[in-house]
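In what follows, a single structure is set out as structure tokens and then discussed.
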Amino acid sequence: MATVHLRIGDLVWGKLGRYPPWPGKVVSPPKDLKKPRGKKCHFVKFFGTEDHAWIKVEQLKPYHPHKEEMIKINKGKRFQQAVDAVEDFLKKKEKQGGKEQSSEGKGDSKGKKTPTKPLKILEEDDEDLSALKDPSEKPASSMEPISKRLKIVEEDTRSTSIQAADSTAINGSITPTDKRIGFLGLGLMGSGIVSNLLKMGHVVTVWNRTVEKCDLFIQEGARLGRTPAEVVSMCDITFSCVSDPKAARDLVLGPSGVLQGIRPGKCYVEMSTVDPETITELSQVISSRGGRFLEAPVAGSQQVSNEGMLVILAAGDRTVYEDCSSCFQAMGKTSFFLGEVGNAARMMLILNMVQGSFMATIAEGLTLAQATGQSQHTFLDILSQGQMASTFVDQKCQNILQGNFKPDYYLKHIQKDLRLAISMGDTANHPTPMAAAANEVYKRAKALDQSDNDMSAVYRAYIH
């Protein structure tokens with residue numbers, strides 16, 4: 001891509017992460033804002049949002065020459081609102097043109113003309129960074145449609161041949177499927193997923209047990225289904241994301257449930273974190289009606305869901321997985337196809353078992369530091385500089401130190417996952433003593449009325 005020469009005030013199309021190109025304006029960065037090292041960037045304010053970001057020059061295109069191109073490849077209500085905001089800005093600027101023209105060239109009080117300030121371009125540091133770059137890597141144009149990078153790895157295990165697959169491309173714009181999408185369950189995870197499906201131009205029908213939660217998404221362009229059965233009957237692919245095995249079964253088997261709307265060819269995708277036995281049962285009843293079934297639990301939190309950066313673990317009908325490609329690209333950064341039904345549930349429980357046990361250990365470390373006269377803040381500073389440094393550790397420790405336990409992942413849900421993982425270990429005759437110990441701590445936290453707080457509230461089990 002040719003170098004884009006821009007100045008402060010220029011309108012652009014900017015590509016940020018995995019999201020589609022968005023209209024924005026080059027602006028001056030705040031003086032106290034740390035500049036990215038080793039990158040040539042412009043600071044951009046995006047229209048229709050409150051977002052500002054440093055955008056690399058290769059991720060920018062001038063607004064007017066590429067306007068028609070971008071409108072064709074991007075859909076969604078929010079995108080259209082952003083384009084409308086640009087047009088409103090241009091109209092206001094045109095009306096003010098006479099005033100600006102009459103004042104142009106007058107300069108400051110000393111009669112000197114004040115030149116338009118060009119945006120500073122970040123220069124590479126003196127240190128040689130070329131060693132960090134892959135010489136075989138071609139700079140990808142973020143404006144091009146997504147090309148799916150599929151990697152198949154066969155792993156020989158005692159139980160099955162697992163395909164660890166499909167790292168979803170995170171650059172480029174998403175072409176939404178023309179299939180009608182349904183979504184059941186608008187909790188912490190489901191809300192972020194639906195928001196991103198709509199943002200990327202999918203046609204979505206929603207249902208939630210508490211119907212008021214649907215209102216925001218209806219305003220964003222979603223359609224409303226009165227019952228799970230109605231959503232399934234209206235849609236080609238229906239996703240569900242609910243709290244536990246009982247809720248998942250009730251949604252499918254209960255009155256006006258999913259099963260009543262299933263017809264041959266209808267696709268049902270179970271995204272709830274449940275046990276393999278529940279998944280197998282749901283798969284069988286959906287298939288008995290001619291439906292196609294995929295399990296696709298997600299690794300992440302409310303924040304990760306809102307950002308569209310979930311990790312999706314899928315198993316079951318491979319053709320459904322492929323049909324869900326644009327949906328998975330909208331909601332997640334990576335997806336894996338793990339083979340037969342039940343494998344995704346098993347893998348998800350193992351991941352959450354590790355995460356839940358780790359969280360309990362962090363809480364234990366913080367309280368032991370306090371009990372032995374050590375600074376908890378210093379403990380966190382040391383952790384953040386060591387091998388265990390991660391966004392997860394930093395966020396959860398900050399939650400604890402600030403006493404902020406607003407749920408990002410419910411404590412009751414991580415305890416449920418630990419319980420199911422322990423049960424899975426029992427079935428496989430495999431010991432899970434660390435998970436069992438952590439489970440007891442979470443049960444103690446639940447007894448202290450922490451169920452509906454974030455999982456980091458397990459800390460309170462150690463101080464009461």
Side-chain angles (χ1 to χ4, degrees), residues 17 32-38 54 125 127 129 132 188-189 192 273 298-311 313 332-334 347-418 421-422 432-446 448 450-464:
D32 59 347
L33 184 65
K34 186 178 180 180
K35 299 177 181 179
R37 297 181 60 189
W54 289 105
D125 292 336
E127 106 186 71
L129 300 177
L132 301 178
L188 290 184
M189 306 295 279
T273 301
V298 292
S301 62
Q302 181 183 33
Q303 180 179 341
V304 174
S305 176
N306 290 342
E307 293 171 349
M309 297 297 282
L310 294 166
V311 175
L313 310 181
K333 65 177 179 179
T334 307
M347 186 68 79
M348 190 74 255
L349 289 177
I350 294 168
L351 289 170
N352 283 0
M353 177 190 75
V354 172
Q355 181 174 250
S357 300
F358 185 42
M359 181 68 252
T361 301
I362 293 171
E364 191 169 295
L366 280 166
T367 52
L368 182 59
Q370 186 178 44
T372 56
Q374 306 305 304
S375 166
Q376 292 181 323
H377 288 86
T378 302
F379 172 74
L380 174 56
D381 289 341
I382 295 169
L383 271 183
S384 66
Q385 296 298 319
Q387 291 181 323
M388 289 185 291
S390 67
T391 302
F392 176 82
V393 169
D394 184 64
Q395 288 180 344
K396 297 308 179 187
C397 287
Q398 291 293 346
N399 286 354
I400 291 171
L401 296 179
Q402 296 169 11
N404 174 21
F405 298 108
K406 180 181 177 181
D408 194 39
Y409 194 97
Y410 284 119
L411 184 144
K412 62 185 177 185
H413 289 170
I414 199 69
Q415 189 273 323
K416 174 263 297 182
D417 296 342
L418 280 164
I422 293 166
T432 53
M434 306 303 291
N439 187 46
E440 293 304 314
V441 182
Y442 283 98
K443 286 162 64 177
R444 166 67 176 161
K446 286 177 66 177
L448 294 169
Q450 301 302 309
S451 290
D452 292 325
N453 281 334
D454 185 70
M455 61 187 294
S456 54
V458 68
Y459 173 83
R460 289 179 170 168
Y462 288 98
I463 60 176
H464 289 88

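Here, residue 1 is the first one in the sequence, and each next residue gets the next number.
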Q355 side chain near N352 side chain, heavy-atom distance below 4.5 Å: yes

Side-chain donor or acceptor of Q374 paired with backbone N/O of T372 under 3.5 Å: yes

From CD (E364) to CE (M359), nearest 0.5 Å: 11.0 Å

Validation row: L351, L313 side chains within 4.5 angstrom (heavy atoms): yes

For A435 against M353, the heavy-atom pair lying closest together: CB-CG, 3.5 Å

Pairwise side-chain contact, N453 with Y410, heavy-atom cut-off 4.5 Å (strictly under): no

Pairing of K412 and D452 as salt bridge, 4.0 angstrom limit: yes

Check: D408 side chain, Q302 main-chain N or O, donor-acceptor pair, under 3.5 Å: yes

From CG (L448) to NZ (K443), nearest 0.5 Å: 13.5 Å

Side chain to side chain, L368 and Y462, heavy atoms closer than 4.5 Å: no

Residues H413, T273; criterion side-chain contact (heavy atoms from CB on, under 4.5 Å); working and verdict: CA-CA 9 Å; H413 289 170; T273 301; over 6 Å; no

M388 versus V393, closest heavy-atom pair with distance: O-CG2, 3.5 Å

Gap separating the CE atom of M434 from the CG atom of N439, nearest 0.5 angstrom: 13.0 Å

Side chain proximity check, V458 to Q450, heavy atoms < 4.5 angstrom: no

N/O donor-acceptor pair under 3.5 Å between Q376 side chain and L366 backbone: yes

Minimum heavy-atom distance M189-S305, with the two atoms named: O-OG, 2.8 Å

From L188 atom CG to K406 atom NZ, the distance as rounded to the nearest 0.5 Å: 9.5 Å

Closest non-hydrogen atom pair between D417 and L349, with its separation: O-CD2, 3.9 Å

Euclidean distance, M455 CE relative to F392 CZ, rounded to 0.5 Å: 4.0 Å

Interatomic spacing from CZ in F358 to OG1 in T361 - rounded to 0.5 Å: 7.5 Å

E307 side chain reached by K333 side chain, heavy atoms, under 4.5 Å: no

Nearest atoms (heavy-atom pairs only) where A461 meets A445: CB-N, 3.9 Å

Donor-acceptor under 3.5 Å (S384 side chain, D381 main chain): yes

Heavy-atom pair of closest approach, residues S357 and L418: OG-CD2, 3.9 Å

Any Y459 side-chain heavy atom under 4.5 Å of I362 side chain: no

Side chain K396, main chain D454, donor-acceptor under 3.5 Å: no

